[in-house]
Enquirer: 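Got a structure for you, questions after.
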Protein chains: 2
Amino acid sequence: MPLSREKIAATAIRLADAHGLDGLSLRKIAKELGVGPMRLYDYVTNRSELLDLMVDVVYARIADVGQHSEWRSTVLTIAQATREAALEHEWFADLLGGRPHLGPHALAVGEANAAALSEAPGVRGIDDLQRALGALNAFIIGAVRREVTERRTARSTGTDEAAFQASRGPYLTRMLKTGRYPTIARLVIDGAHLNAEETFNHNLALVLDGITSRPRA
Amino acid sequence: MPLSREKIAATAIRLADAHGLDGLSLRKIAKELGVGPMRLYDYVTNRSELLDLMVDVVYARIADVGQHSEWRSTVLTIAQATREAALEHEWFADLLGGRPHLGPHALAVGEANAAALSEAPGVRGIDDLQRALGALNAFIIGAVRREVTERRTARSTGTDEAAFQASRGPYLTRMLKTGRYPTIARLVIDGAHLNAEETFNHNLALVLDGITSRPRA
DNA sequence: GTCTTCGTGGATACACCGTACGGTAGTGAC
DNA sequence: GTCACTACCGTACGGTGTATCCACGAAGAC
């Protein structure tokens with residue numbers, strides 16, 4: 001079976017899922033495919049172009065959720081699909097917002113979002129649309145990024161509370177004991193572990209409500 | 001003059017400002033300081049610990065803006081200072097949200113934000129606070145990241161419109177000509193170049209209004 | 001059949017990276 | 001003087017992305 005961009009992207013995604021973005025190298029991909037490293041350069045000019053390729057494959061799955069008749073449910077569905085994609089492919093969160101996403105499927109997602117938002121009440125002109133899209137994307141990027149790194153540190157320290165206190169604890173508890181960070185201490189100690197998905201949806205609704213209800217600046 | 005963590009962090013920041021995070025290496029820092037590469041490991045255990053160090057130096061400058069009597073102006077000032085810091089040190093945006101920021105100054109900024117938000121109307125319990133802080137940080141991270149990568153691509157293609165059309169244009173205009181992305185095309189072609197700072201402040205206010213006005217979930 | 005051409009696949013090489021390791025020189029204790 | 005110990009640093013290893021060069025095999029000309 002001959003090599004192809006699709007096949008390269010697929011195994012790159014598999015490797016990145018397993019070992020993270022740092023553990024991904026052209027040589028390992030080539031070895032996995034049973035070819036020499038330079039063989040990949042016939043299909044991809046750069047490492048970063050390969051990353052763009054991987055990103056767009058993920059966007060393809062996000063775009064699959066399609067658009068609904070209601071603008072709000074379209075936006076919600078796309079945002080949730082983006083979050084789920086990032087949880088499935090954590091390296092995607094590392095790349096999110098880091099370079100312009102101009103692949104065809106990324107553009108399709110952007111188009112669906114933009115078209116939906118343009119029908120939202122309160123979005124009157126093209127300037128409103130640009131701002132609203134910016135707010136939405138900023139929130140999605142930041143929220144997904146935060147959640148993924150939170151999950152990573154939780155996993156690396158161990159899920160249970162005791163292990164966390166033992167690993168990151170020494171430094172952090174010492175810091176909190178100084179009394180200089182009372183509110184943070186309260187959050188760390190008393191804060192319940194909120195459901196991440198619920199929090200995401202709650203704050204996403206907050207942003208959407210702000211977009212629709214905000215008077216023109 | 002003896003070596004120190006501060007001195008190492010300072011030259012690392014200088015180099016990162018000049019050549020980006022990818023252009024930053026322990027060897028170059030060491031060479032700049034006139035020492036062997038291994039010398040740095042007496043002060044820093046890791047490359048990533050060095051990055052944490054750099055990040056916290058930037059947070060120190062953000063924390064300097066201090067807290068105001070009004071919770072809202074505190075949050076606004078910190079957010080704007082974060083944005084400005086990221087525009088001055090673009091690598092900071094690359095690291096934002098990518099790892100937990102636990103340095104003393106980062107904690108101070110988090111504390112100031114959390115304390116301010118806890119006084120906001122609509123933030124009733126610790127759960128509300130956690131969510132509100134999450135929404136605020138998510139927006140800041142995403143917005144800053146977006147703006148920095150936008151600025152980077154604008155700079156790499158050349159500031160003026162013509163150069164952009166010439167470099168990224170061939171692919172992008174071809175894509176837009178397909179008619180599959182009408183809303184995006186409208187944004188690219190008709191969209192005015194909104195003032196970035198104004199947009200940031202506008203959307204930040206949107207998020208803060210949402211935090212204060214949203215009924216409990 | 002023989003020779004030439006050509007394009008594709010792969011090996012090798014280079015510059016650079018983070019970091020482990022081993023030695024060495026200098027200082028203080030007895 | 002001798003020894004122990006510490007602070008420092010040069011060298012080396014395994015890895016990375018990528019440029020260059022080469023070998024080989026298939027296709028066509030005569």
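Every chain is numbered from 1, with letters handed out A, B, ... down the list of sequences.
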Enquirer: I need the CZ-P distance between R47(A) and dC16(C), as an integer number of Å.
Expert: 19 Å
Enquirer: In whole angstroms, how far is the C1' atom of dC16(C) from the NE2 atom of H19(B)?
Expert: 15 Å
Enquirer: Output the distance between atom CD1 (I29(A)) and atom CZ (R27(A)), rounded to the nearest 0.5 Å.
Expert: 12.0 Å
Enquirer: Contact between E90(A) and R151(A) at the side-chain level, heavy atoms closer than 4.5 Å - yes or no?
Expert: yes
Enquirer: Atom CE of M38(B) and atom P of dT6(D): how far apart are they, to the nearest Å?
Expert: 22 Å
Enquirer: Could you state the atom-to-atom distance from CG of L15(B) to C1' of dC17(C) in whole Å?
Expert: 15 Å
Enquirer: Between R14(A) and D17(A), does any side-chain N to carboxylate O distance fall below 4.0 Å?
Expert: no
Enquirer: When the distance from CZ of R39(A) to P of dC21(D) is rounded to whole Å, what number comes out?
Expert: 20 Å
Enquirer: If you measure from CD1 on I140(B) to CZ on R145(B), what distance do you get to the nearest 0.5 Å?
Expert: 15.0 Å
Enquirer: Would you kindly give the OH-to-P distance between Y43(B) and dT19(C), to the nearest whole Å?
Expert: 18 Å
Enquirer: Can a salt bridge be assigned to the pair D64(A) and R61(A) using a cut-off of 4.0 Å between side-chain N and carboxylate O?
Expert: no
Enquirer: In sequence, state the C-alpha distance, the side-chain angles, and the governing distance for E49(B) and R5(B), and then conclude on salt bridge (charged side-chain N to carboxylate O under 4.0 Å, His left out).
Expert: CA-CA 11 Å; E49(B) 188 179 304; R5(B) 283 167 72 93; 3.3 Å; yes
Enquirer: Near DNA chain D, under 4.0 Å by heavy atom, which residues of residues 22-35 of chain B?
Expert: R27(B)
Enquirer: Separation of Y41(B) atom OH from dT11(D) atom C1', in whole Å?
Expert: 15 Å
Enquirer: With a 4.0 Å limit, can you tell me whether N46(A) has a side-chain N or O closer than that to the phosphate oxygens OP1/OP2 of dT18(D)?
Expert: yes
